Amino acid sequence: MESRGIELKTRRNSAVVIRAIPGHFATQHSHVSYCIDITKLKSDLKASKAAARLFAEKFNNTPVDTIITLERMKMVGAFLANELSHSGININNDMGVISPEVTNDKLILRDNLLPYVQNKNVLVLCATATTGLTAKGTLEGIRYYGGEPVGLGVVFGGNFEMDGVPVVRLISLEDLPDYASFPPAQCPLCRQGMKVDALVNSYGYSKI
């Protein structure tokens with residue numbers, strides 16, 4: 001399956017690269033025609049730093065107190081906090097980086113993490129957001145807990161808006177034009193009898 005993968009790179013830095021594997025995959029919300037593998041960017045020092053720099057360029061003039069990282073993006077989030085604290089309007093500011101729970105697209109903030117969100121400017125960082133459902137739920141949760149969402153950074157994302165919150169995508173669906181997503185009950189690949197290659201979530205993929 002992996003041999004079918006293609007590389008997608010950002011136009012601004014070739015070190016920021018993800019892999020797209022064509023096939024039939026099942027995610028939490030949908031069936032998709034590509035598995036988006038962001039393991040290297042999440043796990044490798046140089047790739048994580050390069051992604052953080054690209055996000056920092058876009059959010060350099062955005063006030064940020066806390067970065068919420070979703071989908072195991074905490075290393076990128078830590079490098080982003082460092083980048084933001086060395087230039088722009090956040091220079092020399094301390095910054096929190098947290099990874100709270102998200103269940104059924106709802107942000108759950110335990111009492112020990114509440115001070116990082118309540119009355120704070122919060123930037124959200126996630127790996128993929130094609131439908132925007134999880135991201136939207138997270139922004140709603142930030143407001144519920146008394147915070148102010150100031151931006152959403154996505155490595156691979158669809159063309160959606162977030163209620164006035166700026167969205168920065170490093171790689172978009174336009175870079176993979178034949179990517180398709182379907183509700184499970186309406187999946188044409190299932191109707192054609194094509195077996196699911198793997199189950200996909202933020203931890204990776206498991207072949208079936």
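All heavy atoms count here, side chains included; hydrogens, waters and symmetry mates do not. Computed from a predicted model, the values in this text were never measured in an experiment.
By the 4.5 Å heavy-atom criterion applied to side chains, Glu83 and Glu57 are not counted as neighbours. Inter-residue side-chain proximity for Val122 and Tyr116 is flagged as unmet; no heavy-atom pair is nearer than 4.5 Å. Counting heavy atoms from C-beta outward, Pro63 and Ile89 have side chains that approach closer than 4.5 Å. Side-chain atoms of Met194 and Pro188, non-hydrogen and from C-beta on, never get closer than 4.5 Å to each other. At least one side-chain heavy atom of Arg143 sits less than 4.5 Å from a side-chain heavy atom of Pro149. Two residues are said to be in side-chain contact when any heavy atoms from C-beta on lie closer than 4.5 Å; Lys42 and Met73 meet this criterion. No side-chain heavy atom of Ile38 sits under 4.5 Å from any side-chain heavy atom of Arg72. At a threshold of 4.5 Å between non-hydrogen side-chain atoms, the residues Asn119 and Asp65 do not count as touching.
Only one option out of Thr66, Val124, Val165 pairs with Ile142 in a side-chain contact (heavy atoms from CB on, under 4.5 Å); it is Val124.
For Asn60, the side chain to side chain donor-acceptor pair (under 3.5 Å) partners are Ser87, not counting sequence neighbours.
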Open item on the list: Apply ring-ring contact (aromatic ring centres under 6.0 Å, His included) to residues Phe156 and Tyr179 and explain how you reach the verdict.
Closed with: CA-CA 12 Å; Phe156 178 79; Tyr179 180 96; 5.7 Å; yes
- [ ] Could you give me the CA-CA distance, side-chain angles and deciding distance for Ser181 and Ser30, then say whether side-chain hydrogen bond (donor to acceptor under 3.5 Å, both in side chains) is met?
- [x] CA-CA 6 Å; Ser181 176; Ser30 57; 3.1 Å; yes
Task: Intermediate values then yes/no, side chain to side chain contact (heavy atoms under 4.5 Å, CB included), Asp175 and Lys9 - done: CA-CA 9 Å; Asp175 298 303; Lys9 298 179 180 180; over 6 Å; no
